[in-house]
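Take a look at the structure below.
Throughout, protein chains are lettered first and strands after them, A, B, ... in sequence-line order, and every chain is numbered starting at 1.
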Number of protein chains: 2
Amino acid sequence: MDTATTRSQLVAHAQRLIQQRGYNGFSYRDLAALVGIKTASIHYHFPQKEDLLLAAVHAYQQQWHAAIATIDPALPAGQRLRLYLDLHRRTFAGTDRVCLGGALAADLGSLPPLVRQAVQAFYRANEQWLADVIAEGARDGSLAPHARPRALARSLFAAVQGCLAASRLFGDGHRMDDILEGLAGAPEAPEGGDPEPAHTRRAVAA
Amino acid sequence: MDTATTRSQLVAHAQRLIQQRGYNGFSYRDLAALVGIKTASIHYHFPQKEDLLLAAVHAYQQQWHAAIATIDPALPAGQRLRLYLDLHRRTFAGTDRVCLGGALAADLGSLPPLVRQAVQAFYRANEQWLADVIAEGARDGSLAPHARPRALARSLFAAVQGCLAASRLFGDGHRMDDILEGLAGAPEAPEGGDPEPAHTRRAVAA
DNA sequence: GTCTATAGTCTGATAGAC
DNA sequence: GTCTATCAGACTATAGAC
């Protein structure tokens with residue numbers, strides 16, 4: 001089955017354009033040119049721009065849900081946490097995009113209320129997944145979190161979103177390593193020119 | 001001296017509108033209505049929109065530089081770090097704004113190159129300040145960072161930016177406390193319903 | 001489902017009077 | 001410095017043929 005329907009192409013291109021330029025940074029004209037149809041035809045699939053936006057966010061959330069579901073729940077919590085960060089790094093490193101949720105959250109003041117709710121749902125889902133993993137890691141000892149799971153989950157997700165923006169700003173795909181380094185623990189002499197981030201350690205300071 | 005010149009009003013309103021709605025979310029029309037002049041008059045002060053943008057970013061960076069300069073360098077590094085986070089919390093809690101740097105970084109793909117450079121300079125200044133404080137704290141023992149100062153500074157600034165976006169998204173002015181909690185250390189039983197964030201502690205896990 | 005054609009509005013920007 | 005008047009182009013959206 002050829003799943004590259006016009007509708008799915010529109011959603012995919014809309015996602016990409018928002019991630020690159022922000023919510024107000026793209027038009028039906030851009031979209032039509034990319035898909036190879038006229039702007040009027042887009043309205044057949046998405047009568048209002050808000051309809052397209054909602055479809056883009058919901059599809060994005062499902063895509064991330066599927067991606068996170070590939071992280072084996074049988075693995076130690078600490079490793080799952082690193083795989084979560086690595087998933088973000090691999091997805092966005094070298095691209096000119098950020099997370100769709102973060103991109104929309106930044107333009108919040110010009111977002112229709114329903115889109116705002118969809119973005120909230122995306123944030124909640126990520127923060128809850130992280131909080132669950134952190135709590136489990138604290139139980140089984142694979143993590144030693146220095147804050148309550150929910151607080152740490154929120155801080156971590158915020159750091160990931162901010163890191164994606166900074167990575168793109170500086171064209172530096174390695175910035176996620178900074179968070180990984182803080183997660184994994186670090187050299188005892190923190191100001192020296194230690195060139196080896198302790199990626200392989202299991203001790204977690206968070 | 002009455003410093004509320006038309007030019008300064010334009011810059012201030014432009015800053016606010018970008019922080020609320022993003023780079024592409026406001027127009028000369030909005031701005032003119034707020035200041036009480038016509039759109040054509042704005043072009044006298046800022047011939048192109050990019051000129052206005054650059055003025056807004058540069059003014060913002062100076063404002064933050066002045067605000068951070070109020071943090072007494074004689075204080076312990078750990079306390080200066082908390083004051084830095086508190087400055088952000090106090091500035092944005094209860095508002096519908098995020099940091100101008102973060103707002104522009106999110107719309108990077110539609111930013112003129114010179115504006116992009118100005119945003120980079122803003123990020124670098126903040127990350128450098130944080131790295132210096134963290135390195136000093138590691139030296140004098142007022143902090144025990146679990147990552148190298150530069151990595152920790154970048155993660156922390158990313159977390160602050162992400163936290164501001166999430167705070168506004170959920171209308172929750174207390175989210176900066178999550179970062180403070182991770183910075184200050186936390187209960188040894190992280191999953192319990194401990195209602196007391198350890199705000200007063202000095203031990204820093206970061 | 002896609003098209004042409006078009007409406008009505010908003011956009012950044014310019015010319016020239018005052 | 002601010003105005004009126006205007007521009008050319010972009011925007012979302014609609015009507016109706018195919």
Atom CG of A:L31 to atom P of D:dC11: distance rounded to whole Å? 11 Å
Indicate whether OP1 or OP2 belonging to D:dC3 is found under 4.0 Å from a side-chain N or O atom of B:S41. yes
Using a strict heavy-atom distance below 4.0 Å, which residues from residues 103-116 of chain A are in contact with DNA chain D? none
Look at A:T6 and C:dG1 and indicate whether a side-chain polar atom (N or O) is within less than 4.0 Å of OP1 or OP2. no
Contact between B:R150 and B:I134 at the side-chain level, heavy atoms closer than 4.5 Å - yes or no? no
Give the B/S/- string for nucleotides 12-18 of chain C, one per nucleotide from 5' to 3', where a protein heavy atom under 4.0 Å of the base yields B, of only the sugar-phosphate yields S, and otherwise -. SBB----
B:K38 has an atom NZ; how far is it from atom P of D:dC7, in whole Å? 19 Å
What integer distance in Å separates A:N24:CG from D:dA10:C1'? 14 Å
Restricting to side-chain contact (heavy atoms from CB on, under 4.5 Å), what partner residues turn up for B:A67, sequence neighbours left out? B:W64, B:L87
Sequence neighbours excluded, which residues qualify as side-chain contact (heavy atoms from CB on, under 4.5 Å) partners of A:P47? A:D51
Can you pull the salt bridge (charged side-chain N to carboxylate O under 4.0 Å, His left out) pairs that have at least one residue in residues 7-33 of chain A, sequence neighbours excluded? A:R21-A:D30
Tell me: OH of B:Y44 to C1' of D:dT4, nearest whole Å? 18 Å
Set of residues satisfying side-chain contact (heavy atoms from CB on, under 4.5 Å) with respect to B:A103, sequence neighbours excluded: B:I18, B:V98
What is the distance from NE2 of A:H45 to P of C:dG1, rounded to the nearest Å? 7 Å
Pairwise salt bridge (charged side-chain N to carboxylate O under 4.0 Å, His left out) hits with a residue in residues 110-135 of chain A, at least two apart: A:E127-B:R175
Not counting sequence neighbours, which residues clear side-chain contact (heavy atoms from CB on, under 4.5 Å) with A:T95? List them please. A:F92, A:R97
Can you pull out every salt bridge (charged side-chain N to carboxylate O under 4.0 Å, His left out) where at least one residue sits in residues 83-94 of chain A? Sequence neighbours excluded, please. A:D86-A:R89, A:D86-A:R90
What I'd like to find out is whether the side chain of B:L111 reaches to under 4.5 Å of the side chain of B:L108, using heavy atoms alone. yes
Whole angstrom is fine here: how far is it from CG in B:L52 over to C1' in C:dT11? 15 Å
